[in-house]
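Below is one structure, written out as structure tokens; comments come after it.
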Protein chains: 2
Amino acid sequence: MDDRKKKILQSIIDDYISTAEPVGSRTVARKHELGLSSATIRNEMADLEEMGYLTQPHTSAGRIPSDKGYRFYVDQLMRQSELTVEEIYSIKSAMETKINELSQLLKQVSVIMSRITKYTSMAAIPERKNSVLKAVQVVPVERGKALVIVITNAGTVKNSLIKISETVLPEFLISVSNIFNEKLSGLTIEQINLPIIREIEILIGSSQEVLMPILNGVIDCIEQIDSAEVFLEGAINMLNYPEFSDVDRAREFLNLMVEKDLISRVLKDISVDNDGVVIKIGKENDIEEMRDCSLVTTTYTAGNLVIGTIGIIGPTRMEYSKVLAAVNFMKKKMQEEVEKLIGKDPGRT
Amino acid sequence: MDDRKKKILQSIIDDYISTAEPVGSRTVARKHELGLSSATIRNEMADLEEMGYLTQPHTSAGRIPSDKGYRFYVDQLMRQSELTVEEIYSIKSAMETKINELSQLLKQVSVIMSRITKYTSMAAIPERKNSVLKAVQVVPVERGKALVIVITNAGTVKNSLIKISETVLPEFLISVSNIFNEKLSGLTIEQINLPIIREIEILIGSSQEVLMPILNGVIDCIEQIDSAEVFLEGAINMLNYPEFSDVDRAREFLNLMVEKDLISRVLKDISVDNDGVVIKIGKENDIEEMRDCSLVTTTYTAGNLVIGTIGIIGPTRMEYSKVLAAVNFMKKKMQEEVEKLIGKDPGRT
DNA sequence: ATTAGCACTCAACGAGCTAGAGTGCTAACA
DNA sequence: TGTTAGCACTCTAGCTCGTTGAGTGCTAAT
């Protein structure tokens with residue numbers, strides 16, 4: 001792959017990204033001054049096609065990049081771009097709202113990213129393994145009702161309304177609450193096991209009557225934490241792109257986006273052991289239905305603990321450089337916010 | 001409008017609802033045995049068109065119902081239908097999951113309704129005026145951090161993580177919490193005013209340092225309650241109908257559905273002073289973009305207090321009888337669940 | 001009042017044609 | 001030897017045009 005081929009490939013991909021039309025040799029010769037005739041470029045394009053970087057929808061059409069072409073573009077050709085000052089300003093002002101829970105932050109970040117990129121954005125807390133319980137509280141609400149609250153190091157607050165015997169006194173509930181808190185906080189979700197529950201049981205002393213509802217409440221909260229939270233914004237943006245001008249295609253995509261579990265799993269798989277930005281192009285995605293989408297994701301951390309993943313999904317013909325800039329910027333921004341929110345070192349409490 | 005005309009109109013609308021194709025006189029004569037020739041029906045159809053119940057897409061096509069036609073159909077012609085045993089069974093089993101917050105219930109009901117009807121479903125708590133605070137609690141989380149929890153009579157639990165001075169002792173926090181709880185619970189959101197806050201301030205005695213963060217937390221929670229919660233499910237279902245086979249049309253609809261505020265307002269407007277089922281057909285909707293959609297909504301109550309609204313949105317050509325049956329059934333089902341959840345008489349506590 | 005019959009209308013469909021964008025090859029050129 | 005002008009060829013998109021058929025409205029017969 002000589003220098004001239006690179007330049008031509010870059011021109012073609014740049015052009016195709018902005019127009020969504022197959023690019024012909026004439027267009028390349030005209031728009032991007034390489035000082036070459038269309039015939040020469042034609043020859044080079046034939047070579048590039050043979051090498052697998054380009055394909056032809058049909059004989060008399062121009063070329064469009066293949067997944068391999070995009071991959072090469074992303075790895076070697078793409079010009080690095082930065083967000084405009086307006087964009088940065090709009091992000092900053094959007095981030096000014098008061099945020100006091102991680103899920104709020106994720107939602108907001110998601111909205112911002114989809115607005116900036118005009119693609120679909122995702123934000124998730126997929127790594128439940130890392131969740132350490134920070135506090136467990138039982139609060140009396142009214143006679144016969146109490147609220148179990150579980151707070152994790154990741155800033156997630158979950159609660160579950162439970163019924164308890166009306167005879168239980170609020171004071172007793174508070175002491176029970178303290179026992180739960182003492183025994184469970186500091187543990188990861190996976191560390192909660194039968195022996196620990198047994199221990200609590202013994203400490204409380206009294207009958208199952210109190211223990212069970214609370215325990216169920218705690219379990220309920222943990223299940224809520226466990227069910228990976230995924231925020232997805234701007235799915236409808238995709239309908240603006242010619243790739244999705246067919247309703248069937250659009251429906252297929254949107255149906256995919258509804259499957260939060262799937263999205264969560266995809267994000268999780270990608271982000272494992274990788275703290276840079278990961279780009280998955282077309283068929284590089286495991287999911288069949290995402291074969292003509294690309295994914296640009298990265299993880300956000302607090303201290304050196306990976307908390308979750310944010311990313312953008314768009315057509316393979318996406319503005320990679322812009323998306324990359326946006327994702328990188330938001331990663332940094334998120335980092336700051338997360339640290340403000342849950343502290344630099346969420347491991348210890 | 002004589003009896004024969006009614007029968008013919010009914011046949012046409014029934015047919016159009018199931019096929020989405022303009023209905024011709026021949027079809028009516030053949031499919032629905034009225035003992036009449038197509039010519040007679042043709043004459044009647046011409047009359048019905050003149051009366052405004054039918055329209056013709058173009059001269060040589062069959063007729064389709066106008067909004068007025070649907071209105072007449074819904075009011076007078078429609079056969080009442082019931083859910084099948086399978087549907088009822090599927091609803092019941094879907095409702096078995098443990099639910100302990102109103103928003104969970106709404107979400108679930110929404111999912112069920114969209115699955116049963118194959119249209120888009122909505123569920124909302126639009127009436128914040130009715131929200132009475134049931135409990136206000138401040139729970140210490142860790143040094144310098146506390147959680148403010150607000151629970152309303154409608155079963156909504158909201159929380160807000162706040163920072164407080166590290167010097168504040170947990171015991172003090174609890175007594176402050178009690179003061180807040182005592183002073184605020186039982187009030188509606190609108191009843192909280194400056195004099196009450198002043199009263200709390202005096203009772204606490206100590207400096208603003210403690211009062212302010214907690215108050216901000218409470219305000220934050222109230223704002224969360226205030227921001228009308230709307231659950232919307234199955235928007236993508238609409239892409240299955242020929243009405244939305246055009247991407248622009250589909251996008252327009254989906255963009256509308258993203259506007260939760262708008263939906264919330266629409267629901268609120270409709271449900272005012274009406275506890276039956278309200279059907280809004282086509283242009284009867286105030287929103288321009290909903291001109292070829294119909295809305296079937298109803299309110300759900302606890303005791304005799306209106307809590308919120310549930311409903312279905314679909315193309316004007318929707319299966320009204322089925323949707324009506326589903327909405328009615330879900331209304332009852334919801335009633336039961338709401339009462340289980342927040343008690344028969346949420347007004348007093 | 002109903003209906004058979006008929007002329008008429010119009011969208012949908014497909015065939016056939018054209019325009020034009022693009023290609024690959026060949027031969028000439030620097 | 002690499003580059004380019006020229007040319008024949010290919011193929012889609014878009015157009016026209018005729019055909020088909022579903023449906024209508026009107027008229028005259030029952």
Side-chain angles (χ1 to χ4, degrees), chain A residues 1-9 11-16 18-66 69 242-243 245-247, chain B residues 1-9 11-16 18-66 69 242-243 245-247:
Chain A
M1 170 81 74
D2 61 26
D3 209 56
R4 196 172 68 182
K5 278 203 177 53
K6 283 187 189 174
K7 276 214 179 91
I8 291 172
L9 183 57
S11 297
I12 293 170
I13 299 186
D14 278 337
D15 206 82
Y16 185 68
S18 61
T19 64
E21 296 288 332
V23 186
S25 54
R26 241 184 99 75
T27 317
V28 178
R30 212 169 347 103
K31 280 202 202 167
H32 315 262
E33 305 118 1
L34 298 164
L36 293 171
S37 76
S38 65
T40 311
I41 289 169
R42 221 150 38 232
N43 289 328
E44 294 287 42
M45 282 166 81
D47 288 355
L48 284 167
E49 181 169 1
E50 207 170 336
M51 292 159 81
Y53 296 106
L54 296 175
T55 52
Q56 244 178 330
H58 57 263
T59 346
S60 73
R63 303 300 208 293
I64 62 176
S66 66
E243 283 86 342
S245 62
D246 173 51
V247 186
Chain B
M1 167 81 75
D2 61 25
D3 210 55
R4 195 170 67 179
K5 278 202 178 52
K6 282 188 190 174
K7 277 216 179 92
I8 291 173
L9 183 57
S11 296
I12 292 171
I13 299 185
D14 278 338
D15 206 82
Y16 185 69
S18 62
T19 65
E21 295 289 329
V23 186
S25 55
R26 241 183 100 74
T27 317
V28 178
R30 208 167 351 103
K31 278 203 199 165
H32 315 265
E33 305 117 4
L34 298 165
L36 294 170
S37 77
S38 66
T40 313
I41 291 169
R42 223 155 28 237
N43 289 328
E44 294 286 43
M45 282 166 79
D47 289 356
L48 285 167
E49 181 169 1
E50 208 170 334
M51 294 160 80
Y53 295 107
L54 296 175
T55 51
Q56 244 178 330
H58 56 264
T59 344
S60 73
R63 304 301 208 292
I64 60 176
S66 66
E243 283 87 343
S245 63
D246 172 52
V247 187

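Computed from a predicted model, the values in this text were never measured in an experiment. Letters A, B, ... mirror the listed sequences (proteins, then strands); counts begin at 1.
Dashed line: the shortest gap from a side-chain N or O of A:R26 to OP1 or OP2 of D:dT4 is not under 4.0 Å. A close approach under 4.0 Å does occur between a side-chain nitrogen or oxygen of A:S25 and OP1 or OP2 of C:dT23. Contact between the side-chain N/O atoms of B:T40 and the OP1/OP2 oxygens of C:dT2 is not found at any separation under 4.0 Å. For A:R42, no side-chain nitrogen or oxygen approaches OP1 or OP2 of D:dA5 to under 4.0 Å.
Between A:I13 atom CD1 and A:S18 atom OG the span is 12.0 Å, to the nearest 0.5 Å. Atom CG of residue A:L9 and atom CG of residue A:D14 lie 9.5 Å apart, to the nearest 0.5 angstrom. Atoms CD1 and CG, on B:I12 and B:L54 in that order, are 4.5 Å from each other to the nearest 0.5 Å. With values rounded to the nearest 0.5 angstrom, A:E44 atom CD is found 12.0 Å from A:K7 atom NZ. Note: A:M1 CE to A:Y53 OH = 4.0 Å, rounded to the nearest 0.5 Å.
When rounded to the nearest whole Å, the span between CE of B:M45 and P of D:dG23 equals 9 Å. Taking atom CD on A:E21 and atom C1' on C:dG22, their separation rounds to 13 Å, with Å as the unit. A straight line from CD1 of A:I41 to P of D:dT3 spans 11 Å, rounded to a whole angstrom. Rounding to whole angstrom units, CG of residue A:N43 and P of D:dT4 are separated by 10 Å. B:D47 has its CG atom 11 Å from the P atom of D:dC26, to the nearest Å. Whole-Å rounding puts the A:E44 CD to C:dT23 C1' distance at 16 Å. In this structure, A:Y16 atom OH and C:dG22 atom P are separated by 14 Å, rounded to whole Å.
Considering all non-hydrogen atoms of both residues, B:S25 and B:S38 come closest at CB-O, 3.5 Å.
Of all the residues in residues 48-64 of chain B, B:H58, B:T59, B:S60 reach under 4.0 Å from DNA chain C with at least one non-hydrogen atom.
Within the 3.5 Å criterion, the main-chain N or O of B:G52 finds a donor-acceptor partner in the side chain of B:S66.
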